[in-house]
Q: 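Structure in structure tokens, see below.
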Number of protein chains: 2
Amino acid sequence: MYKESRKMPKSAEDSKKRMSGEQRKAQIVTVAMQLFAEEGFKGTTTREIARRAGISEAVIFKHFSKKEDLYNAIIDQCCNDGGGESRLLKLLKQKQGREVFSEVAMFLITEHQNDSTFLKLLTYSALEKHTLSDIFIKTKAMELIEFLVSHIKSLMDEGVFRKADHELAARAFLGMVLHFNIAQELYGLKKTFKRQNSDVVDTFVDIFFDGMKRR
Amino acid sequence: MYKESRKMPKSAEDSKKRMSGEQRKAQIVTVAMQLFAEEGFKGTTTREIARRAGISEAVIFKHFSKKEDLYNAIIDQCCNDGGGESRLLKLLKQKQGREVFSEVAMFLITEHQNDSTFLKLLTYSALEKHTLSDIFIKTKAMELIEFLVSHIKSLMDEGVFRKADHELAARAFLGMVLHFNIAQELYGLKKTFKRQNSDVVDTFVDIFFDGMKRR
DNA sequence: TGTATTATAGTAAGCACTTACTTACCTTTT
DNA sequence: AAAAGGTAAGTAAGTGCTTACTATAATACA
């Protein structure tokens, strides 16, 4: 074939030169994750993954026995980062009271604004009933919920918050923030509904804090 | 062919006898909507729609020029119900203050518990960037948000609520409720997280009302 | 009322293309 | 020379859609 005729997507610039096996595998997973986020598992073809990675389809099957294994490999990249705290929990060290909630809200809002790939991938995997979403919920999501729950408990013990179902309270808070992201990023509300991130965070944290305060 | 050999899914009992054209069209749309909710547009084949409807594939193309037109027909069934208020807005007539929010929360929670088909369909269509989600957001969803916004404005004017961004406040409230549904129904949290609907509604409405009250 | 005709609903078989995946071989690097 | 990375061509099965025909119900007429 004539290499000159081959369209070379920018993202595959470095596939012009040969990669090591490990590098190529990691690249395929990255590209696949983007496509699975855009189109879902069934909507993504191995042909399109190869095209976007700048390789032939057969290379994919040198690294993964089947398409499903490639999807599963994403789990290793994002959920099983072997020990080590998440970036968010690191951020929350030394934070107290209201600042914890502000930090969580700001982190989640800016994280998804900067890159909604993972939000979309997670949503697709929940709909497609893939283990990825199960594993994510059981690890990362529960980690955050449990952290918030223990923080809410402390605030109740200190008399700052009134007695209430702390798991429901944590869900209420996260629900405001995460649904805001879902509506803005997945449903396209960000085109018409524009607010400063700090205003959004302040409003949600105000509602939550004032709503939970002892009466 | 031998009728005896044909598998007759229960849902297609009445396709044993011929339907009128209009009846069949409506049945195909209903079955297709269920499948599009389960598998998404790309994950649903016209073969599977026909199988579930108990007809041959060619019948689908007697009523719809292509698969995409069948998907679009769902819009007619659920978003363009010609004038007439939604069931929820009817429920909210004569309701005041806190009762409005309780009613909205209870309606949305029980609606999705009873049948999460539409929630899944809408989520898939947002991810797949289909006009269905656009149209739903611009009609039904905005109708509810605007109703809540005007109600929140009234409460602010009456001095019950403090001055705040009423659109953000409406989003905060709906976010708690809708994300609760998403987590329970799509992410499978309902298997491990069980609460009385009334407790969930009370907690969310308490947080919102106390959070919005004048200080 | 029975029969022939017409209209309508439905099917079997097929088409062109796409899909996930394989294989035998080529090219480049060590 | 051997190992490793990569490709062109191919396979069997699946996909959206079409076509020529069949089956059934409704209607007209004797």
Side-chain angles (χ1 to χ4, degrees), chain A residues 1-9 12-29 31-32 35-36 38-74 128 130, chain B residues 1-9 11-29 31-32 35-36 38-73 128 130:
Chain A
M1 90 171 84
Y2 298 94
K3 271 188 183 155
E4 291 84 349
S5 68
R6 205 213 277 171
K7 277 274 197 50
M8 199 69 68
E13 273 306 307
D14 53 357
S15 70
K16 272 174 179 171
K17 66 186 184 236
R18 281 161 74 108
M19 290 185 173
S20 75
E22 289 304 306
Q23 281 180 310
R24 178 65 78 196
K25 188 171 181 174
Q27 186 226 6
I28 292 169
V29 172
V31 163
L35 275 164
F36 289 138
E38 289 169 22
E39 312 288 346
F41 180 80
K42 284 181 169 174
T44 298
T45 66
T46 48
R47 192 157 305 185
E48 185 55 30
I49 295 171
R51 185 166 31 244
R52 180 140 351 152
I55 55 176
S56 70
E57 217 171 330
V59 176
I60 295 174
F61 293 96
K62 295 267 185 214
H63 296 282
F64 304 97
S65 59
K66 55 184 178 177
K67 186 182 172 188
E68 174 92 10
D69 286 350
L70 173 49
Y71 196 95
N72 290 334
I74 294 169
E128 292 172 325
H130 193 269
Chain B
M1 88 168 86
Y2 296 95
K3 269 185 183 160
E4 291 84 346
S5 69
R6 207 215 275 171
K7 280 274 196 55
M8 201 67 69
S11 61
E13 275 304 309
D14 52 358
S15 70
K16 271 173 177 170
K17 63 182 187 243
R18 282 162 75 108
M19 289 188 174
S20 76
E22 288 304 307
Q23 282 179 310
R24 179 64 79 195
K25 188 172 182 175
Q27 186 228 5
I28 293 171
V29 172
V31 163
L35 276 163
F36 288 139
E38 289 168 25
E39 312 288 345
F41 180 80
K42 283 180 167 173
T44 298
T45 66
T46 48
R47 263 172 191 68
E48 185 55 32
I49 295 170
R51 183 161 37 239
R52 186 152 331 162
I55 53 177
S56 70
E57 219 172 330
V59 176
I60 294 174
F61 294 96
K62 295 267 184 209
H63 294 284
F64 303 97
S65 58
K66 55 185 177 176
K67 188 183 173 189
E68 175 93 11
D69 287 352
L70 172 49
Y71 196 95
N72 290 335
E128 291 173 326
H130 193 270

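Per chain, numbering begins at 1; letters A, B, ... match sequence-line order.
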Q: Report, one pair per line, the protein and nucleotides 17-21 of chain C atoms (nitrogen or oxygen only) whose separation is under 3.5 Å.
A:
{"unit_1": "C:dA20", "atom_1": "OP1", "unit_2": "A:T44", "atom_2": "O", "d": "3.3"}
{"unit_1": "C:dA20", "atom_1": "OP1", "unit_2": "A:K67", "atom_2": "NZ", "d": "2.9"}
{"unit_1": "C:dA20", "atom_1": "OP2", "unit_2": "A:T46", "atom_2": "N", "d": "2.7"}
{"unit_1": "C:dA20", "atom_1": "OP2", "unit_2": "A:T46", "atom_2": "OG1", "d": "2.9"}
{"unit_1": "C:dA20", "atom_1": "N7", "unit_2": "A:E57", "atom_2": "OE2", "d": "3.4"}
{"unit_1": "C:dC21", "atom_1": "OP2", "unit_2": "A:K67", "atom_2": "N", "d": "2.6"}
{"unit_1": "C:dC21", "atom_1": "N4", "unit_2": "A:E57", "atom_2": "OE1", "d": "3.4"}

Q: Measure the distance from NE2 on B:H63 to C1' on C:dA9 and round it to the nearest whole Å.
A: 8 Å
Q: In whole Å, what is the span from the NZ atom of B:K62 to the C1' atom of D:dT24?
A: 14 Å
Q: Does any pair with a residue in residues 45-70 of chain B pass ring pair (Phe, Tyr, Trp, His ring centres under 6.0 Å), and if so which ones, sequence neighbours excluded?
A: none
Q: Quick one: list whatever passes salt bridge (Lys or Arg N to Asp or Glu O under 4.0 Å) with B:E57, sequence neighbours left out.
A: B:R47
Q: Rounded to the nearest angstrom, tell me the gap between atom CE in A:M19 and atom C1' in D:dA3.
A: 20 Å
Q: Phosphate oxygens OP1/OP2 of D:dG5: is one of them under 4.0 Å from a side-chain N or O of A:R24?
A: no
Q: In whole angstroms, how far is the P atom of D:dC17 from the CD1 atom of B:I60?
A: 10 Å
Q: Could you check how far CG of B:L35 sits from P of D:dT15, rounded to whole Å?
A: 12 Å
Q: Enumerate the protein-to-nucleotides 4-8 of chain C contacts in which both atoms are nitrogen or oxygen and the separation is below 3.5 Å.
A:
{"unit_1": "C:dT8", "atom_1": "O2", "unit_2": "B:R18", "atom_2": "NH2", "d": "2.8"}

Q: Sequence neighbours excluded, which residues qualify as side-chain contact (heavy atoms from CB on, under 4.5 Å) partners of A:Q23?
A: A:M19, A:S20
Q: Report the distance from atom CD of A:Q23 to atom C1' of C:dT29, rounded to the nearest whole Å.
A: 14 Å
Q: Under the salt bridge (Lys or Arg N to Asp or Glu O under 4.0 Å) test, which residues partner B:E39, sequence neighbours left out?
A: A:K42
Q: Between D:dT15 atom P and B:E39 atom CD, what is the distance in whole Å?
A: 11 Å
Q: The criterion is side-chain contact (heavy atoms from CB on, under 4.5 Å); which residues satisfy it with B:S65, sequence neighbours excluded?
A: B:D69
Q: In chain order, what residues pass the salt bridge (Lys or Arg N to Asp or Glu O under 4.0 Å) check against B:E48, with sequence neighbours excluded?
A: B:R51
Q: Taking the side chain from A:K62 and the backbone from A:G21, do they hold a donor-acceptor pair closer than 3.5 Å?
A: no
Q: Given 3.5 Å as the limit, does a donor-acceptor pair link the side chain of A:E128 with the main chain of A:G40, or not?
A: no
Q: Mind checking whether B:I28 and B:K25 have side chains closer than 4.5 Å, heavy atoms only?
A: no
